[in-house]
Each structure stands twice: as structure tokens, then as C-alpha cells.
Amino acid sequence: MIKSNGYAAIDLASKLTPFSFARRDPDPNDIMVDILFCGVCHSDLSMINNEWGYSQFPLVPGHEIIGRVTAIGVEVKNFRIGDIAGIGTVVDSCRTCASCTRNLEQFCLNYATQTYNSHDRKCDAITYGGYADNYIVDQHFAFSIPGNLNPAGVAPLLCAGITTYSPLRHWKVGPGQSIGVIGLGGLGHLAVKFAHALGASVVVFSTSPGKEADAKRFGADDVVLSTDPEQVAKYAGRLDFILDTVAARHDPNMYLQLLKPDGTMCLVGLPGEPMPVFAASLAFGRKSLAGSGVGGMAETQEMLDFAGEHGITAEIETIALEDINLALERLAKNDVKYRFVIDMK
Ligand code: NAP
Ligand code: ZN
């Protein structure tokens with residue numbers, strides 16, 4: 001077994017504390033990394049608080065991992081010792097089901113193994129995440145990082161980046177389209193950068209009065225204070241696509257009226273409570289309400305390469321692992337610009 005030192009929530013909603021544990025020995029298809037950076041996703045907070053009802057404790061969060069490769073198995077093709085590699089939210093899948101064979105490993109019909117809080121297919125244990133000093137992962141679930149990008153700013157691309165890039169690509173967002181991004185947080189600010197780079201005109205709907213200048217710097221064409229219904233109504237019937245990144249309960253109906261006929265609103269934020277939708281919000285205009293979850297391995301590598309070409313990284317505040325509890329408190333209060341990244345040094 002491989003020794004690992006990290007931080008864990010020992011039980012429900014507890015403060016994270018130092019935690020030592022063992023990871024499985026690497027197999028011939030695995031790489032082992034020393035973790036350099038790990039992003040702090042709102043999902044980590046939701047898991048610590050068991051908002052989705054399946055958290056297992058002790059829980060070591062973290063699924064936006066950048067590491068330096070320290071060991072490779074004999075079957076490993078694409079990585080060498082010393083390379084910088086990325087690991088996201090999924091670390092294994094069955095590889096044979098209808099989703100896996102379509103490069104949609106995240107939707108594996110036999111359950112994708114999550115980076116943490118998941119049953120490890122290769123041994124009988126629960127996975128522990130990246131708020132720790134090392135990780136062991138099958139080569140199929142590790143990514144090459146463009147050398148021109150700051151690795152700390154790349155870490156959030158491994159979850160927040162692919163979660164926003166994938167639906168933008170799936171719904172073919174591009175030149176000539178107007179799209180909305182709801183919530184300018186970790187996911188939202190990357191959605192703005194990707195949608196702008198894809199050529200769309202972008203409107204941000206934010207509850208925070210102070211984010212306008214940042215949103216425009218990231219590529220937004222307009223910023224609307226979503227707490228003011230009059231400002232929101234200006235966009236009635238004008239948007240081709242909306243990406244909703246909000247982590248808390250809110251009213252989707254207000255935003256559905258902003259879609260053009262045949263437009264789609266895609267939910268990627270995952271509030272722990274249901275949000276009622278009027279059928280009429282969809283029926284009049286033949287609108288679609290959809291969802292999306294991270295992205296497959298090939299698409300994640302495509303997203304990283306696209307980020308390399310367009311110079312896209314996250315806006316980050318780096319913290320030491322010892323300061324994780326303060327960072328989580330600030331994240332819960334929507335006080336982060338725009339992603340905390342743990343520097344493991
Ligand atoms: P985040 O950094 O906290 O950003 C969420 C943003 O939502 C905030 O910055 C804020 O933007 C807005 N917001 C917060 N509270 C709100 C409220 N009560 N009403 C309206 N807007 C509010 O979180 P994140 O890391 O981007 O994650 C966002 C959500 O995506 C979380 O639910 C997370 O679990 C989920 N997620 C899903 C996937 C997936 O695969 N689908 C992957 C990763 C994360 P403004 O200040 O601009 O209003
Ligand atoms: Zn995440």
C-alpha cells in the first residue's frame with residue numbers, strides 16, 4: 001500500500017483535519033503523482049455537508065488535481081516520470097457499456113468511479129480525493145497538460161472547465177449566438193471564457209453587484225443583476241442557450257422566458273433541493289430544459305488542448321492545505337474570486 005497524507009472531514013459537516021491513509025499499490029496501467037495543486041469545487045462543500053445524501057466518512061475531497069508523475073506501470077504509454085498530469089472527477093469506469101464505448105465514461109452504466117467517495121474498482125476500498133499529497137490513477141483517466149498554461153490555474157479546468165465546456169460543445173454554441181451564463185463562480189467564470197472563445201456573445205446573470213468588471217474581463221458582453229427582474233426581462237426571448245451554474249435553489253422559470261423558441265437551458269449547478277418548473281415555461285416556444293455532467297476523457301483532453309490554444313485558465317486564489325476550512329467557509333458565503341486552489345508545497 002502507498003501512504004498518503006491529506007485532510008479529511010471525519011464525519012458529517014465537520015471541519016477538515018489532517019488524515020493519513022493508504023492508497024492501493026499502482027498496477028501496470030496506473031500512474032502515481034505527487035499532487036502539486038488541487039482546486040476547491042463547490043461539490044466538495046456539498047459532499048462534506050452530505051447535501052446529496054451519499055457521502056461516506058471519513059471523506060477526503062478534491063477532484064481538480066494537477067500532479068507530477070512519480071511512477072508509471074509497465075503498460076503506461078502516454079506519461080513519463082516527471083510529466084505534469086491532470087486528474088478530474090472520474091478515475092475509472094467499466095470501459096464496455098454503451099456510455100463508455102461512446103467516450104462518455106462519466107455516464108458509465110455500471111457506475112463511474114469518482115475520484116473520492118466512490119468504490120474503487122481495482123481494490124475493495126473507498127476512493128480518497130486530492131486534498132492530499134499523492135494520487136494513483138489508471139492512465140486512461142489522466143490528462144496531459146498544455147505546457148504554456150500555469151498549472152495552478154489549470155487545476156479547476158479538470159472539473160469546472162470540462163463541466164462548462166462539454167455542454168457548450170454539445171449544444172453547438174458558437175458565432176452568431178447569444179448565450180446566458182447564470183452565476184459567476186468557479187464554473188460560471190470558465191463558462192464565460194469558453195463561450196467567448198467559441199465566438200458566442202455572452203450575458204452573465206449574477207446576484208452579486210460587484211462582479212461586472214470581472215465578467216467583462218473574462219469575455220462577457222453584458223452583465224445583468226439577476227435580483228432585479230426588470231433588468232432580467234430585457235433579455236426576454238433573446239437567448240439561444242443558457243448555462244445555469246447556480247449551486248443553491250432558485251427559480252428556473254424566470255430564465256426560461258429569456259430563451260428564443262427552440263432554445264435550451266442546461267443545468268450544471270446541483271442544488272440539493274428540487275426546483276419547480278411550469279410546463280408553460282417550456283411549452284410556449286418549444287424550449288428544452290436539460291442537464292449535463294462533467295465530460296468524457298477524450299472531451300476533457302480536447303478541452304485542455306482548447307484552453308492551451310486560447311490561453312484559458314481559471315482565476316484563482318491559492319491557499320495552503322492548512323487553510324482549507326477558511327476557504328470552505330468563504331466558498332459557502334460566495335466569497336471567492338473565482339476558485340480556491342490548494343498549493344500542496
Ligand atoms: P461557486 O463557485 O460557489 O459558484 C456558484 C455561483 O452561483 C456563485 O458564485 C453565485 O454567482 C451563484 N449563486 C450562489 N448562491 C446563489 C443563490 N442563492 N441564488 C442564485 N445564485 C447564487 O460553485 P461552483 O464550484 O461553480 O459550482 C456550481 C455548482 O455546480 C455546484 O452546485 C456544484 O456542485 C455543481 N457542479 C456540477 C458539476 C456537474 O457535473 N454538473 C460539476 C461541478 C460542479 P453570482 O455571485 O454571480 O450570483
Ligand atoms: Zn467539481
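Read the numbers this way: they start at 1 and go in the same order the structure lists the ligands and their atoms.
- Defined by atom type and a distance below 3.5 Å, a donor-acceptor pair is present between the side-chain atoms of D124 and H119.
- With hydrogens left out, the protein atom closest to atom 33 (C) of ligand 1 is S43 OG, 3.5 Å, a heavy atom.
- Any N or O atom pair closer than 3.5 Å counts here, and L187 shares at least one such pair with ligand 1.
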Pair K211-V223, side-chain contact (heavy atoms from CB on, under 4.5 Å): steps then yes or no
CA-CA 8 Å; K211 291 184 178 174; V223 183; 5.9 Å; no
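- With respect to R121 and D92, no salt bridge is recorded, no charged nitrogen being found less than 4.0 Å from a carboxylate O.
- Where the criterion is an N or O separation shorter than 3.5 Å, residue side chain and backbone included, V336 fails it with respect to ligand 1.
- Ring to ring, Y116 and H63 are close: their centroids are under 6.0 angstrom apart.
- Of the protein's heavy atoms, T163 CG2, 3.4 Å lies nearest to atom 39 (C) of ligand 1.
- Atom 40 (O) of ligand 1 has its closest protein heavy atom at V294 N, 2.9 Å.
- An N or O contact shorter than 3.5 Å links R339 to ligand 1 by distance.
- For the pair R24 and D30, the salt-bridge criterion is met [side-chain N within less than 4.0 Å of a carboxylate O].
- The shortest N/O to N/O separation between H250 and ligand 1 does not fall below 3.5 Å.
- Between K15 and E329 a salt bridge is recorded (basic side-chain N to carboxylate O distance below 4.0 Å).
- Interatomic distance, CD1 of I81 versus CE of M32, reported as 9.5 Å (0.5 Å rounding).
- Within ligand 1, counting atoms from 1 as listed, the ones closer than 4.0 Å to a heavy atom of T207 are 20 (C), 21 (N), 45 (P), 46 (O), 47 (O), 48 (O).
- In summary, the side chains of Q257 and N253 do not present any donor paired with an acceptor at a separation below 3.5 Å, with no hydrogens or angles considered.
- Between M265 and L259, the shortest heavy-atom distance links the atoms N-CD1, 3.7 Å.
- Geometry about the Zn ion (ligand 2) gives an angle of 130° between SG of C159 and SG of C41, rounded in steps of 10 degrees.
- The distance from the Zn ion (ligand 2) to the nearest N/O/S atom of H42 is not under 2.8 Å.
- The existence of a salt bridge linking K122 and D27 is confirmed by a sub-4.0 Å separation between a basic side-chain nitrogen and an acidic carboxylate oxygen.
- Among the heteroatoms counted here (N, O or S) of H63, NE2 is the one nearest to the Zn ion (ligand 2).
- Residue contacts with ligand 1: G186 is placed with a nitrogen or oxygen under 3.5 Å of a nitrogen or oxygen of the ligand (distance criterion only).
- Here's the thing with R249: none of its N/O atoms is less than 3.5 angstrom from an N/O atom of ligand 1.
- Applying the 4.0 Å criterion to heavy atoms of A248 picks out, from ligand 1, the atoms 17 (C), 18 (N).
- Residue contact check: K211 has heavy atoms under 4.0 Å from atoms 9 (O), 11 (O), 45 (P), 46 (O), 47 (O) of ligand 1.
- Only the side chain of C159 comes within 4.0 Å of ligand 1, judged by heavy-atom distances.
- Looking at atom 31 (C) of ligand 1, its nearest protein heavy atom turns out to be A247 CB, 3.5 Å.
- The closest non-hydrogen atom to atom 7 (O) of ligand 1, taken over D335, V246, L190, comes from V246.
- Side-chain N/O atoms of E105 and S93 include no donor and acceptor closer than 3.5 Å.
- Of the residues I136, V137, I66, the one that meets the side-chain contact (heavy atoms from CB on, under 4.5 Å) test with I87 is V137.
- Inclusion of S292 in the set of residues having an N or O under 3.5 Å from an N or O of ligand 1 is warranted.
- The protein non-hydrogen atom at the shortest distance from atom 35 (C) of ligand 1 is V268 O, 3.6 Å.
- Protein heavy atom at the shortest distance from atom 10 (C) of ligand 1 is N334 ND2, 3.5 Å.
- Scanning the protein heavy atoms around atom 12 (C) of ligand 1, the nearest turns out to be G183 CA, 4.0 Å.
- The residue from I182, L184, T245 that puts a heavy atom closest to atom 29 (C) of ligand 1 is T245.
- With no hydrogens or angles considered, no side-chain donor-acceptor pair links N325 and Y7 at under 3.5 Å.
- A ring-centre distance under 6.0 Å is found for F21 and Y128.
- With hydrogens and angles left out, the side-chain atoms of T70 and D34 include no donor and acceptor closer than 3.5 Å.
- Listed by atom number, the atoms of ligand 1 under 4.0 Å from W52 heavy atoms are 34 (O).
- Considering K77, E75, Q139 as possible partners of N29, the one that fulfils the side chain to side chain donor-acceptor pair (under 3.5 Å) test is Q139.
- Applying the 4.0 Å criterion to heavy atoms of G185 picks out, from ligand 1, the atoms 2 (O), 4 (O), 9 (O).
- Shortest contact from atom 32 (O) of ligand 1 to any protein heavy atom: L270 N, 2.9 Å.
- One distance of note links CG of D214 with OH of Y338; it measures 3.5 Å at 0.5 Å rounding.
- The contact set between ligand 1 and C41, taken as ligand atoms under 4.0 Å from a residue heavy atom, comprises 43 (C), 44 (C).
- In summary, the atoms of ligand 1 found under 4.0 Å from a heavy atom of S206, numbered by their order in the structure, are 45 (P), 46 (O), 47 (O), 48 (O).
- Numbered from 1 in the order shown, with element, the atoms of ligand 1 that lie under 4.0 Å from a heavy atom of H42 read 1 (P), 3 (O), 23 (O), 24 (P), 25 (O), 27 (O), 31 (C).
- Of the polar atoms of L331, none of the N or O atoms is found under 3.5 Å from an N or O of ligand 1, judged by distance alone.
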